[in-house]
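Let me begin by presenting the structure, written as C-alpha coordinates, before commenting on it.
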Amino acid sequence: MKLSNYFLPVLKETPADAEIVSHKYMLRAGMISQSSSGIYSWLPLGLKVLKKIENIVREEQDAAGVNEILMPTIQPADIWKESGRYDDYGKEMLRINDRQGREMLYGPTNEEQVTDIFRRAVKSYKELPSHLYHIQWKFRDELRPRFGVMRGREFLMKDAYSFDLDMDSSRTSYNKFFVCYLKTFERLGLKAIPMAADTGPIGGDMSHEFVIISETGESDIYYDKRILELMNVDKNLDYSSDLSEIVVSYQNLYAAADDKYSKDEFSKEVPKEFQSNTKGIEVGHIFNFSSKYSEPMKANVLNSNGKTVPVHMGSYGIGISRLVGAIIESSHDDNGIIWPDAVTPFAIGLINLKIKDPEAVSMCEQIYQTLNKAGIETLYDDKDDSPGAKFSRMDLIGLPKQIIFGKNSVIDKTIEIKDRKTGQTEIINISETISKINNN
RNA sequence: CGGGGCGUAGCGCAGUCUGGUAGCGCACCUGGUUUGGGACCAGGGGGUCGCAAGUUCGAAUCUUGCCGCCCCGACCA
(Lines give C-alpha, C1' and ligand atoms only; values in the text may rest on other atoms or scores of the structure.)
Protein backbone atom coordinates (compact mmCIF):
# COMPACT_ATOMS: atom_id res chain seq x y z
CA MET A 1 0.00 0.00 0.00
CA LYS A 2 1.22 3.43 -0.87
CA LEU A 3 0.78 6.01 1.81
CA SER A 4 -0.30 8.55 -0.78
CA ASN A 5 -3.32 6.35 -1.41
CA TYR A 6 -3.99 5.26 2.15
CA PHE A 7 -6.64 6.75 4.40
CA LEU A 8 -4.46 7.35 7.43
CA PRO A 9 -5.49 10.46 9.35
CA VAL A 10 -2.67 10.68 11.88
CA LEU A 11 -2.80 13.32 14.57
CA LYS A 12 0.15 15.25 15.86
CA GLU A 13 -1.56 16.09 19.10
CA THR A 14 -3.42 13.82 21.44
CA PRO A 15 -7.17 14.34 21.43
CA ALA A 16 -8.37 15.62 24.78
CA ASP A 17 -10.81 12.73 25.23
CA ALA A 18 -8.17 10.01 25.45
CA GLU A 19 -6.72 9.01 28.77
CA ILE A 20 -4.86 5.74 28.39
CA VAL A 21 -2.01 5.07 26.00
CA SER A 22 -3.77 2.61 23.70
CA HIS A 23 -6.69 4.97 23.21
CA LYS A 24 -4.35 7.88 22.53
CA TYR A 25 -2.30 5.97 20.01
CA MET A 26 -5.29 4.42 18.29
CA LEU A 27 -6.70 7.90 17.72
CA ARG A 28 -3.37 9.44 16.80
CA ALA A 29 -2.47 6.63 14.43
CA GLY A 30 -5.79 7.00 12.64
CA MET A 31 -7.02 3.52 13.58
CA ILE A 32 -10.43 4.47 14.90
CA SER A 33 -12.84 7.35 14.87
CA GLN A 34 -15.33 7.81 17.65
CA SER A 35 -18.99 7.79 16.70
CA SER A 36 -20.54 8.17 20.14
CA SER A 37 -19.67 7.11 23.65
CA GLY A 38 -18.26 3.60 23.52
CA ILE A 39 -18.93 3.22 19.79
CA TYR A 40 -16.23 3.53 17.16
CA SER A 41 -15.67 3.36 13.44
CA TRP A 42 -12.65 1.35 12.41
CA LEU A 43 -10.42 3.07 9.89
CA PRO A 44 -8.14 1.14 7.49
CA LEU A 45 -5.16 0.73 9.80
CA GLY A 46 -7.25 -0.26 12.80
CA LEU A 47 -9.44 -2.56 10.78
CA LYS A 48 -6.40 -4.35 9.41
CA VAL A 49 -5.17 -5.14 12.90
CA LEU A 50 -8.65 -6.14 14.03
CA LYS A 51 -8.89 -8.57 11.10
CA LYS A 52 -5.46 -10.03 11.82
CA ILE A 53 -6.42 -10.75 15.39
CA GLU A 54 -9.77 -12.11 14.31
CA ASN A 55 -8.06 -14.46 11.88
CA ILE A 56 -5.60 -15.80 14.40
CA VAL A 57 -8.44 -16.44 16.82
CA ARG A 58 -10.39 -18.11 14.01
CA GLU A 59 -7.48 -20.31 12.94
CA GLU A 60 -6.98 -21.52 16.48
CA GLN A 61 -10.66 -22.26 16.95
CA ASP A 62 -10.66 -24.17 13.68
CA ALA A 63 -7.52 -26.04 14.68
CA ALA A 64 -9.27 -27.12 17.86
CA GLY A 65 -12.13 -28.50 15.82
CA VAL A 66 -14.69 -25.85 16.70
CA ASN A 67 -17.31 -25.11 14.04
CA GLU A 68 -17.71 -21.55 12.90
CA ILE A 69 -21.21 -20.20 12.50
CA LEU A 70 -22.59 -16.69 12.37
CA MET A 71 -25.52 -15.71 14.51
CA PRO A 72 -27.42 -12.45 14.08
CA THR A 73 -26.78 -9.28 16.04
CA ILE A 74 -30.52 -8.81 16.54
CA GLN A 75 -32.27 -11.51 18.55
CA PRO A 76 -35.91 -12.14 19.44
CA ALA A 77 -36.87 -11.51 23.06
CA ASP A 78 -38.73 -14.82 23.24
CA ILE A 79 -35.68 -17.01 23.74
CA TRP A 80 -34.43 -14.72 26.48
CA LYS A 81 -37.76 -15.01 28.21
CA GLU A 82 -37.39 -18.78 28.02
CA SER A 83 -34.01 -18.74 29.71
CA GLY A 84 -35.25 -16.24 32.25
CA ARG A 85 -32.61 -13.70 31.41
CA TYR A 86 -34.86 -11.17 29.69
CA ASP A 87 -35.75 -9.68 33.04
CA ASP A 88 -32.43 -10.43 34.74
CA TYR A 89 -30.16 -8.75 32.25
CA GLY A 90 -31.31 -5.23 33.00
CA LYS A 91 -30.45 -2.02 31.26
CA GLU A 92 -27.22 -3.29 29.79
CA MET A 93 -29.28 -4.96 27.13
CA LEU A 94 -30.40 -2.74 24.30
CA ARG A 95 -34.06 -3.52 23.69
CA ILE A 96 -35.70 -2.73 20.40
CA ASN A 97 -39.21 -3.01 19.01
CA ASP A 98 -39.64 -3.76 15.35
CA ARG A 99 -42.44 -2.21 13.26
CA GLN A 100 -44.88 -4.90 14.30
CA GLY A 101 -44.15 -4.09 17.91
CA ARG A 102 -42.28 -7.37 18.40
CA GLU A 103 -39.72 -7.28 21.18
CA MET A 104 -36.19 -7.65 19.88
CA LEU A 105 -32.77 -6.94 21.31
CA TYR A 106 -29.24 -6.28 20.17
CA GLY A 107 -27.37 -9.33 21.41
CA PRO A 108 -25.02 -8.78 24.35
CA THR A 109 -24.09 -12.49 24.17
CA ASN A 110 -25.48 -15.59 22.49
CA GLU A 111 -26.18 -18.43 24.92
CA GLU A 112 -29.90 -18.39 24.16
CA GLN A 113 -29.47 -18.09 20.42
CA VAL A 114 -26.96 -20.92 20.19
CA THR A 115 -28.99 -23.12 22.51
CA ASP A 116 -31.97 -22.62 20.25
CA ILE A 117 -29.90 -23.63 17.22
CA PHE A 118 -28.58 -26.67 19.03
CA ARG A 119 -31.90 -27.96 20.34
CA ARG A 120 -33.53 -27.81 16.92
CA ALA A 121 -30.78 -29.89 15.39
CA VAL A 122 -29.43 -32.33 17.94
CA LYS A 123 -31.45 -35.06 19.61
CA SER A 124 -28.95 -37.80 20.40
CA TYR A 125 -25.91 -38.22 22.60
CA LYS A 126 -24.22 -39.68 19.54
CA GLU A 127 -23.89 -36.15 18.13
CA LEU A 128 -21.97 -35.01 21.19
CA PRO A 129 -19.73 -33.33 22.04
CA SER A 130 -20.57 -30.40 19.81
CA HIS A 131 -18.62 -27.16 19.66
CA LEU A 132 -19.73 -23.97 17.92
CA TYR A 133 -18.32 -20.47 17.74
CA HIS A 134 -18.92 -17.23 16.01
CA ILE A 135 -17.23 -13.88 15.73
CA GLN A 136 -19.79 -11.15 15.86
CA TRP A 137 -20.43 -7.65 17.14
CA LYS A 138 -22.07 -7.40 20.50
CA PHE A 139 -23.73 -4.51 22.23
CA ARG A 140 -23.79 -3.92 25.95
CA ASP A 141 -25.09 -0.62 27.15
CA GLU A 142 -22.35 -0.21 29.74
CA LEU A 143 -22.90 2.08 32.68
CA ARG A 144 -19.70 3.73 31.81
CA PRO A 145 -17.88 3.06 28.57
CA ARG A 146 -14.23 4.12 28.70
CA PHE A 147 -10.68 3.70 27.51
CA GLY A 148 -11.52 3.62 23.82
CA VAL A 149 -12.06 0.11 22.50
CA MET A 150 -11.07 -1.45 25.82
CA ARG A 151 -14.51 -0.92 27.23
CA GLY A 152 -16.75 -0.01 24.38
CA ARG A 153 -20.47 -0.55 24.24
CA GLU A 154 -20.22 -2.11 20.82
CA PHE A 155 -17.43 -4.65 20.60
CA LEU A 156 -16.28 -7.61 18.54
CA MET A 157 -16.19 -10.87 20.41
CA LYS A 158 -15.43 -14.46 19.60
CA ASP A 159 -17.80 -16.57 21.63
CA ALA A 160 -17.82 -20.33 21.55
CA TYR A 161 -20.21 -22.79 23.11
CA SER A 162 -19.77 -26.43 24.04
CA PHE A 163 -22.46 -29.09 24.37
CA ASP A 164 -21.74 -32.33 26.19
CA LEU A 165 -23.64 -35.26 27.55
CA ASP A 166 -22.32 -35.06 31.08
CA MET A 167 -20.02 -33.19 33.41
CA ASP A 168 -17.01 -35.39 32.69
CA SER A 169 -17.13 -34.85 29.01
CA SER A 170 -17.91 -31.18 29.62
CA ARG A 171 -14.62 -30.90 31.47
CA THR A 172 -12.79 -32.31 28.46
CA SER A 173 -14.37 -29.60 26.33
CA TYR A 174 -13.41 -27.01 28.91
CA ASN A 175 -9.81 -28.18 28.87
CA LYS A 176 -9.73 -28.01 25.12
CA PHE A 177 -10.72 -24.38 25.10
CA PHE A 178 -8.38 -23.66 27.99
CA VAL A 179 -5.40 -24.91 26.02
CA CYS A 180 -6.65 -23.38 22.79
CA TYR A 181 -6.74 -20.00 24.52
CA LEU A 182 -3.20 -20.38 25.80
CA LYS A 183 -2.10 -21.09 22.27
CA THR A 184 -4.12 -18.25 20.77
CA PHE A 185 -2.75 -15.61 23.10
CA GLU A 186 0.79 -16.87 22.62
CA ARG A 187 0.40 -16.47 18.89
CA LEU A 188 -0.77 -12.93 19.44
CA GLY A 189 2.47 -12.21 21.27
CA LEU A 190 0.79 -11.95 24.66
CA LYS A 191 1.33 -13.54 28.01
CA ALA A 192 -2.22 -14.14 29.16
CA ILE A 193 -2.43 -15.69 32.58
CA PRO A 194 -5.35 -18.01 33.24
CA MET A 195 -6.86 -17.06 36.56
CA ALA A 196 -9.43 -18.72 38.69
CA ALA A 197 -12.62 -16.74 38.37
CA ASP A 198 -15.96 -16.68 40.06
CA THR A 199 -18.17 -19.49 38.90
CA GLY A 200 -21.37 -18.01 40.26
CA PRO A 201 -24.04 -20.39 41.53
CA ILE A 202 -22.60 -23.46 39.79
CA GLY A 203 -19.40 -23.59 41.76
CA GLY A 204 -16.40 -25.74 41.10
CA ASP A 205 -13.15 -24.82 39.40
CA MET A 206 -14.54 -24.41 35.90
CA SER A 207 -14.17 -20.73 35.22
CA HIS A 208 -11.04 -18.88 34.20
CA GLU A 209 -10.27 -15.41 33.09
CA PHE A 210 -7.30 -14.87 30.81
CA VAL A 211 -5.57 -11.72 31.90
CA ILE A 212 -2.59 -9.92 30.48
CA ILE A 213 -0.36 -7.90 32.74
CA SER A 214 -0.73 -4.18 32.18
CA GLU A 215 -0.58 -1.13 34.40
CA THR A 216 -3.68 0.29 32.80
CA GLY A 217 -5.72 -2.82 33.45
CA GLU A 218 -8.98 -2.69 35.32
CA SER A 219 -8.44 -5.79 37.44
CA ASP A 220 -6.10 -6.31 40.35
CA ILE A 221 -4.29 -9.59 39.89
CA TYR A 222 -2.26 -11.80 42.18
CA TYR A 223 -0.18 -14.61 40.79
CA ASP A 224 2.78 -16.91 41.14
CA LYS A 225 5.49 -15.67 38.78
CA ARG A 226 6.41 -19.20 37.83
CA ILE A 227 3.19 -19.42 35.84
CA LEU A 228 4.80 -17.22 33.18
CA GLU A 229 7.43 -19.86 32.54
CA LEU A 230 4.78 -22.43 31.69
CA MET A 231 3.60 -20.54 28.68
CA ASN A 232 4.85 -22.49 25.76
CA VAL A 233 2.17 -24.64 24.21
CA ASP A 234 3.17 -27.06 21.47
CA LYS A 235 2.19 -25.52 18.16
CA ASN A 236 1.19 -28.89 16.73
CA LEU A 237 -0.82 -29.88 19.73
CA ASP A 238 -3.11 -32.86 19.28
CA TYR A 239 -6.48 -31.79 20.62
CA SER A 240 -7.69 -35.36 20.88
CA SER A 241 -5.02 -36.16 23.43
CA ASP A 242 -5.51 -35.77 27.16
CA LEU A 243 -5.07 -32.08 27.89
CA SER A 244 -5.82 -32.22 31.58
CA GLU A 245 -2.15 -32.40 32.47
CA ILE A 246 -1.48 -29.04 30.83
CA VAL A 247 -4.51 -27.47 32.45
CA VAL A 248 -3.60 -28.81 35.88
CA SER A 249 -0.05 -27.52 35.59
CA TYR A 250 -1.50 -24.02 35.38
CA GLN A 251 -4.14 -24.57 38.00
CA ASN A 252 -1.48 -25.74 40.43
CA LEU A 253 0.07 -22.30 40.49
CA TYR A 254 -1.77 -19.51 42.23
CA ALA A 255 -3.36 -16.88 40.01
CA ALA A 256 -6.47 -14.91 40.88
CA ALA A 257 -8.12 -11.58 40.24
CA ASP A 258 -9.26 -9.46 43.15
CA ASP A 259 -12.78 -10.91 43.28
CA LYS A 260 -11.38 -14.35 43.98
CA TYR A 261 -8.18 -13.37 45.76
CA SER A 262 -7.54 -14.51 49.28
CA LYS A 263 -4.61 -13.06 51.15
CA ASP A 264 -4.17 -16.15 53.29
CA GLU A 265 -4.08 -18.58 50.40
CA PHE A 266 -1.78 -16.36 48.40
CA SER A 267 0.84 -16.05 51.12
CA LYS A 268 0.49 -19.72 52.07
CA GLU A 269 0.71 -21.18 48.56
CA VAL A 270 3.22 -18.85 46.95
CA PRO A 271 6.76 -18.36 48.26
CA LYS A 272 7.52 -14.66 48.76
CA GLU A 273 9.99 -14.39 45.92
CA PHE A 274 7.39 -15.62 43.42
CA GLN A 275 4.53 -13.44 44.59
CA SER A 276 3.38 -10.82 42.15
CA ASN A 277 0.58 -8.30 42.41
CA THR A 278 -0.16 -6.10 39.39
CA LYS A 279 -2.94 -4.75 37.24
CA GLY A 280 -4.28 -6.72 34.34
CA ILE A 281 -6.59 -6.63 31.36
CA GLU A 282 -9.10 -9.41 30.91
CA VAL A 283 -8.98 -10.58 27.31
CA GLY A 284 -10.76 -13.91 27.60
CA HIS A 285 -13.17 -15.71 29.85
CA ILE A 286 -14.23 -19.33 29.83
CA PHE A 287 -16.77 -21.02 31.95
CA ASN A 288 -18.94 -24.00 32.33
CA PHE A 289 -22.53 -23.51 33.36
CA SER A 290 -23.81 -27.03 33.27
CA SER A 291 -27.51 -27.06 32.35
CA LYS A 292 -28.34 -23.47 33.28
CA TYR A 293 -29.70 -22.73 29.81
CA SER A 294 -30.40 -26.19 28.48
CA GLU A 295 -32.86 -26.97 31.24
CA PRO A 296 -35.21 -24.00 30.94
CA MET A 297 -34.83 -24.01 27.17
CA LYS A 298 -35.32 -27.76 26.91
CA ALA A 299 -32.13 -28.43 25.01
CA ASN A 300 -32.31 -32.14 25.67
CA VAL A 301 -30.81 -35.24 24.09
CA LEU A 302 -31.42 -38.92 24.53
CA ASN A 303 -28.62 -40.72 26.35
CA SER A 304 -27.54 -44.31 25.65
CA ASN A 305 -30.35 -45.56 27.89
CA GLY A 306 -32.91 -43.73 25.83
CA LYS A 307 -33.48 -41.26 28.63
CA THR A 308 -34.02 -37.55 27.99
CA VAL A 309 -31.33 -35.41 29.63
CA PRO A 310 -30.39 -31.72 29.38
CA VAL A 311 -27.00 -31.09 27.80
CA HIS A 312 -24.09 -29.65 29.71
CA MET A 313 -22.87 -26.39 28.29
CA GLY A 314 -19.92 -24.09 28.51
CA SER A 315 -19.09 -20.77 26.91
CA TYR A 316 -15.78 -19.31 25.92
CA GLY A 317 -15.21 -15.67 25.00
CA ILE A 318 -12.36 -13.62 23.59
CA GLY A 319 -12.72 -9.86 23.28
CA ILE A 320 -11.29 -9.27 19.84
CA SER A 321 -11.72 -5.51 19.61
CA ARG A 322 -10.46 -5.17 23.17
CA LEU A 323 -7.35 -7.11 22.20
CA VAL A 324 -6.36 -4.36 19.78
CA GLY A 325 -6.13 -1.97 22.71
CA ALA A 326 -4.67 -4.58 25.04
CA ILE A 327 -1.84 -5.38 22.63
CA ILE A 328 -0.96 -1.69 22.37
CA GLU A 329 -1.02 -1.40 26.14
CA SER A 330 1.53 -4.15 26.39
CA SER A 331 3.66 -3.09 23.44
CA HIS A 332 4.49 0.58 22.92
CA ASP A 333 7.02 3.26 23.76
CA ASP A 334 7.05 7.06 23.90
CA ASN A 335 7.10 7.30 20.13
CA GLY A 336 4.10 5.12 19.50
CA ILE A 337 2.89 1.60 18.97
CA ILE A 338 5.19 -1.42 18.51
CA TRP A 339 3.18 -4.14 16.79
CA PRO A 340 4.00 -7.78 17.43
CA ASP A 341 4.77 -9.48 14.11
CA ALA A 342 1.65 -11.63 14.26
CA VAL A 343 -0.82 -8.75 14.20
CA THR A 344 1.04 -5.90 12.57
CA PRO A 345 -0.99 -4.17 9.86
CA PHE A 346 2.07 -4.18 7.58
CA ALA A 347 5.32 -6.05 8.03
CA ILE A 348 7.43 -3.29 6.55
CA GLY A 349 7.32 0.47 6.40
CA LEU A 350 9.32 1.65 3.41
CA ILE A 351 10.40 5.26 3.79
CA ASN A 352 11.60 7.17 0.78
CA LEU A 353 13.51 10.22 1.99
CA LYS A 354 14.43 11.27 -1.52
CA ILE A 355 11.00 11.68 -2.99
CA LYS A 356 12.12 14.53 -5.28
CA ASP A 357 14.81 12.42 -6.94
CA PRO A 358 13.32 10.49 -9.88
CA GLU A 359 15.96 7.81 -9.65
CA ALA A 360 15.25 7.30 -5.96
CA VAL A 361 11.55 7.12 -6.71
CA SER A 362 12.02 4.44 -9.34
CA MET A 363 14.38 2.44 -7.11
CA CYS A 364 11.92 2.61 -4.21
CA GLU A 365 9.10 1.61 -6.50
CA GLN A 366 11.13 -1.45 -7.44
CA ILE A 367 11.83 -2.36 -3.83
CA TYR A 368 8.14 -1.93 -3.11
CA GLN A 369 7.17 -4.22 -5.99
CA THR A 370 9.73 -6.81 -4.97
CA LEU A 371 8.41 -6.88 -1.41
CA ASN A 372 4.85 -7.18 -2.67
CA LYS A 373 5.74 -10.06 -4.95
CA ALA A 374 7.42 -11.82 -2.05
CA GLY A 375 4.15 -11.52 -0.15
CA ILE A 376 5.58 -9.10 2.38
CA GLU A 377 2.96 -6.55 3.30
CA THR A 378 4.50 -3.14 2.87
CA LEU A 379 3.37 0.38 3.55
CA TYR A 380 5.35 2.63 1.24
CA ASP A 381 5.72 6.20 2.44
CA ASP A 382 5.86 7.96 -0.90
CA LYS A 383 4.67 11.28 0.46
CA ASP A 384 6.53 14.53 0.07
CA ASP A 385 7.14 15.28 3.73
CA SER A 386 10.23 16.20 5.70
CA PRO A 387 12.33 13.34 7.05
CA GLY A 388 11.34 14.11 10.62
CA ALA A 389 7.66 13.96 9.80
CA LYS A 390 8.13 10.63 8.02
CA PHE A 391 10.13 9.07 10.83
CA SER A 392 7.79 10.11 13.57
CA ARG A 393 4.71 9.02 11.65
CA MET A 394 6.23 5.61 10.93
CA ASP A 395 7.27 5.21 14.56
CA LEU A 396 3.77 6.17 15.68
CA ILE A 397 1.99 3.56 13.60
CA GLY A 398 4.45 0.99 14.89
CA LEU A 399 5.35 -1.28 11.97
CA PRO A 400 8.01 -3.66 13.31
CA LYS A 401 10.55 -3.04 10.55
CA GLN A 402 11.35 0.11 8.65
CA ILE A 403 13.30 0.29 5.44
CA ILE A 404 14.88 3.69 5.04
CA PHE A 405 15.85 4.78 1.58
CA GLY A 406 18.09 7.78 2.14
CA LYS A 407 21.00 9.88 1.01
CA ASN A 408 23.37 7.08 0.06
CA SER A 409 20.84 4.67 -1.31
CA VAL A 410 20.95 5.81 -4.92
CA ILE A 411 24.75 5.82 -5.11
CA ASP A 412 25.62 2.79 -2.97
CA LYS A 413 22.53 0.73 -3.73
CA THR A 414 22.05 0.24 -0.03
CA ILE A 415 19.18 0.72 2.36
CA GLU A 416 18.84 0.86 6.08
CA ILE A 417 16.70 -1.61 7.97
CA LYS A 418 15.52 -0.33 11.31
CA ASP A 419 13.98 -2.40 14.04
CA ARG A 420 11.12 -0.42 15.55
CA LYS A 421 11.46 -2.00 18.96
CA THR A 422 15.21 -1.75 19.53
CA GLY A 423 15.86 1.18 17.22
CA GLN A 424 18.85 -0.68 15.85
CA THR A 425 19.65 -0.15 12.21
CA GLU A 426 21.58 -2.18 9.72
CA ILE A 427 22.77 -1.12 6.30
CA ILE A 428 22.35 -3.74 3.62
CA ASN A 429 22.53 -4.02 -0.15
CA ILE A 430 19.20 -3.56 -1.83
CA SER A 431 19.63 -6.94 -3.49
CA GLU A 432 19.63 -8.63 -0.08
CA THR A 433 16.34 -7.07 1.04
CA ILE A 434 14.09 -10.10 0.75
CA SER A 435 16.48 -12.63 2.22
CA LYS A 436 17.30 -10.28 5.09
CA ILE A 437 13.65 -9.73 5.95
CA ASN A 438 12.72 -13.36 5.63
CA ASN A 439 15.54 -14.35 7.97
CA ASN A 440 14.29 -12.13 10.74
C1' C B 1 -26.83 6.12 38.55
C1' G B 2 -23.87 9.33 42.44
C1' G B 3 -19.52 12.79 42.32
C1' G B 4 -16.28 16.02 39.22
C1' G B 5 -14.99 18.42 34.55
C1' C B 6 -15.54 19.96 29.57
C1' G B 7 -18.17 21.69 24.81
C1' U B 8 -15.06 28.18 20.71
C1' A B 9 -11.99 26.18 12.90
C1' G B 10 -9.87 19.26 11.43
C1' C B 11 -6.63 18.81 16.33
C1' G B 12 -4.75 21.31 20.86
C1' C B 13 -6.19 25.67 23.35
C1' A B 14 -6.99 31.31 24.86
C1' G B 15 -11.11 34.62 25.29
C1' U B 16 -16.29 33.83 29.64
C1' C B 17 -15.14 36.23 36.05
C1' U B 18 -15.80 42.27 34.35
C1' G B 19 -21.35 41.78 27.73
C1' G B 20 -19.34 45.65 22.59
C1' U B 21 -19.80 41.28 17.33
C1' A B 22 -13.79 35.88 17.75
C1' G B 23 -8.11 34.80 18.40
C1' C B 24 -3.30 31.70 18.87
C1' G B 25 -0.32 27.16 17.61
C1' C B 26 -0.53 22.93 14.56
C1' A B 27 -3.01 21.04 10.23
C1' C B 28 -5.00 22.70 5.26
C1' C B 29 -4.46 25.75 0.18
C1' U B 30 -0.95 28.90 -3.27
C1' G B 31 4.14 30.42 -4.48
C1' G B 32 9.24 30.04 -3.33
C1' U B 33 13.38 28.03 -0.60
C1' U B 34 14.42 23.43 2.04
C1' U B 35 15.11 17.72 2.94
C1' G B 36 18.39 11.97 8.05
C1' G B 37 14.13 13.16 13.47
C1' G B 38 7.46 16.61 13.46
C1' A B 39 11.62 22.76 8.05
C1' C B 40 11.47 28.23 6.68
C1' C B 41 9.43 32.79 4.36
C1' A B 42 5.27 35.23 2.12
C1' G B 43 0.20 35.09 1.02
C1' G B 44 -4.64 32.63 1.81
C1' G B 45 -9.22 29.71 3.05
C1' G B 46 -12.06 27.84 7.01
C1' G B 47 -16.04 29.02 12.95
C1' U B 48 -24.61 28.61 13.35
C1' C B 49 -18.77 29.92 19.82
C1' G B 50 -23.10 22.23 21.43
C1' C B 51 -28.76 23.37 20.92
C1' A B 52 -33.00 26.28 22.46
C1' A B 53 -35.37 30.04 25.04
C1' G B 54 -34.72 34.41 28.01
C1' U B 55 -32.34 39.25 29.87
C1' U B 56 -30.14 43.39 27.07
C1' C B 57 -29.52 48.65 22.39
C1' G B 58 -25.97 44.55 22.06
C1' A B 59 -24.56 37.67 24.33
C1' A B 60 -19.02 33.02 23.08
C1' U B 61 -19.49 35.91 27.73
C1' C B 62 -25.28 36.69 32.12
C1' U B 63 -30.02 33.35 33.33
C1' U B 64 -32.93 28.84 32.53
C1' G B 65 -33.73 24.25 30.12
C1' C B 66 -31.93 20.46 27.04
C1' C B 67 -28.09 17.61 24.38
C1' G B 68 -23.22 15.58 23.88
C1' C B 69 -18.32 14.03 25.56
C1' C B 70 -14.51 12.81 29.30
C1' C B 71 -12.72 11.42 34.32
C1' C B 72 -13.52 8.92 39.53
C1' G B 73 -16.92 5.06 41.83
C1' A B 74 -20.47 0.72 41.85
C1' C B 75 -21.10 -3.38 37.24
C1' C B 76 -18.56 -6.11 33.09
C1' A B 77 -15.53 -9.52 27.03
Side-chain angles (χ1 to χ4, degrees), chain A residues 9-20 23-24 27-28 30 33-40 53 57 88-93 107-111 135-160 181 192 197-198 200 207-212 217-219 257-259 280-287 315-326 334-336 351-357 360 381 383-396 402 404-409 415-416 418 423 425 427:
Chain A
V10 295
L11 303 171
K12 202 163 176 179
E13 278 172 293
T14 302
D17 284 350
E19 196 68 20
I20 65 168
H23 191 197
K24 287 177 183 171
L27 290 168
R28 286 196 50 208
S33 171
Q34 181 164 12
S35 168
S36 61
S37 180
I39 302 178
Y40 295 84
I53 296 171
V57 171
D88 294 351
Y89 216 91
K91 288 189 177 163
E92 257 193 31
M93 185 154 75
T109 178
N110 288 66
E111 280 82 5
I135 295 172
Q136 178 64 292
W137 291 90
K138 308 290 190 291
F139 191 90
R140 291 182 193 173
D141 203 355
E142 293 279 344
L143 281 175
R144 191 177 149 220
R146 63 188 119 166
F147 303 146
V149 300
M150 299 274 282
R151 178 164 302 287
R153 291 193 292 172
E154 189 179 56
F155 58 97
L156 187 62
M157 180 162 96
K158 187 284 300 180
D159 41 324
Y181 274 33
D198 256 331
S207 180
H208 285 84
E209 294 174 347
F210 288 76
V211 180
I212 63 173
E218 292 184 85
S219 348
D258 46 3
D259 53 334
I281 302 167
E282 184 184 348
V283 289
H285 198 163
I286 61 177
F287 41 98
S315 82
Y316 313 88
I318 291 181
I320 291 179
S321 47
R322 171 181 285 184
L323 272 168
V324 180
D334 290 345
N335 295 325
I351 302 174
N352 183 358
L353 294 176
K354 300 284 155 197
I355 203 73
K356 289 259 166 69
D357 177 351
D381 183 351
K383 290 180 79 168
D384 185 14
D385 290 322
S386 72
K390 284 171 173 262
F391 287 135
S392 54
R393 177 172 53 216
M394 201 57 90
D395 285 350
L396 173 65
Q402 298 172 7
I404 300 158
F405 190 99
K407 54 189 174 208
N408 298 323
S409 297
I415 47 174
E416 233 170 289
K418 183 179 127 184
T425 62
I427 295 170

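Please read these numbers as outputs of a predicted model, since none were measured by experiment. Order of the sequence lines fixes the chain letters, A, B, ..., with proteins taken first and strands second; residue numbering starts at 1 for each chain.
Taking atom CG of D357(A) as the reference point, atom P of U34(B) lies 15 Å away to the nearest angstrom. For the pair L11(A) CG and C26(B) P, the interatomic distance rounds to 16 Å; values are reported in whole Å. Atom NZ of K12(A) is separated from atom P of C13(B) by 16 Å (rounded to the nearest Å). Rounded to whole Å, the distance from CG on D17(A) to P on C71(B) is 8 Å. If you measure from atom CG of L353(A) to atom C1' of G36(B), you get 6 Å, rounded to the nearest angstrom. Atom CG of D381(A) and atom P of G38(B) are 15 Å apart (whole Å).
The phosphate of A39(B) (OP1 or OP2) has a side-chain N or O of S386(A) nearer than 4.0 angstrom. The phosphate of C70(B) (OP1 or OP2) has a side-chain N or O of Q34(A) nearer than 4.0 angstrom.
Judged by distance alone, with hydrogens and angles left aside, K24(A) brings no side-chain donor or acceptor close enough to the base of G12(B) to form a pair under 3.5 Å. Between the side chain of R146(A) and the base of G73(B) there is no donor-acceptor pair of N/O atoms closer than 3.5 Å. One can find a donor-acceptor pair under 3.5 Å joining the base of U34(B) and the side-chain atoms of K356(A). Between the base of G38(B) and the side chain of D385(A) there is no donor-acceptor pair shorter than 3.5 Å.
Along RNA chain B, the nucleotide closest to G406(A) and the one closest to V283(A) are compared, and the more 5′ of them pairs with G406(A). Positionally, the nearest nucleotide of RNA chain B for D384(A) lies more toward the 5' end than for the other of G317(A) and D384(A).
Residue S36(A) is in sugar-phosphate contact alone, with no base atom involved, counting any heavy-atom pair closer than 4.0 Å across all strands shown. Among the protein residues, D395(A) comes within range of the nucleic acid bases, having at least one heavy atom under 4.0 Å from a base atom. At a threshold of 4.0 angstrom between heavy atoms, the contacts of T14(A) are confined to the sugar-phosphate backbone, with no base atom among them. Nucleic acid contact class of R28(A) (heavy atoms, under 4.0 Å, all strands): base. Within 4.0 Å of I404(A), counting heavy atoms only, lies at least one base atom of the nucleic acid. In this structure, K91(A) reaches neither bases nor backbone, as no heavy-atom distance under 4.0 Å exists between it and the strands shown.
Taking every side-chain heavy atom of S37(A) into account, C70(B) is the closest of G38(B), C70(B), G12(B).
Using a 4.0 Å cut-off between a side-chain N of Lys or Arg and a carboxylate O of Asp or Glu, K356(A) and D384(A) qualify as a salt bridge.
Taking the 5.5 Å centre cut-off and the 30° plane limit, the aromatic side chain of F155(A) is classed as stacked on A77(B).
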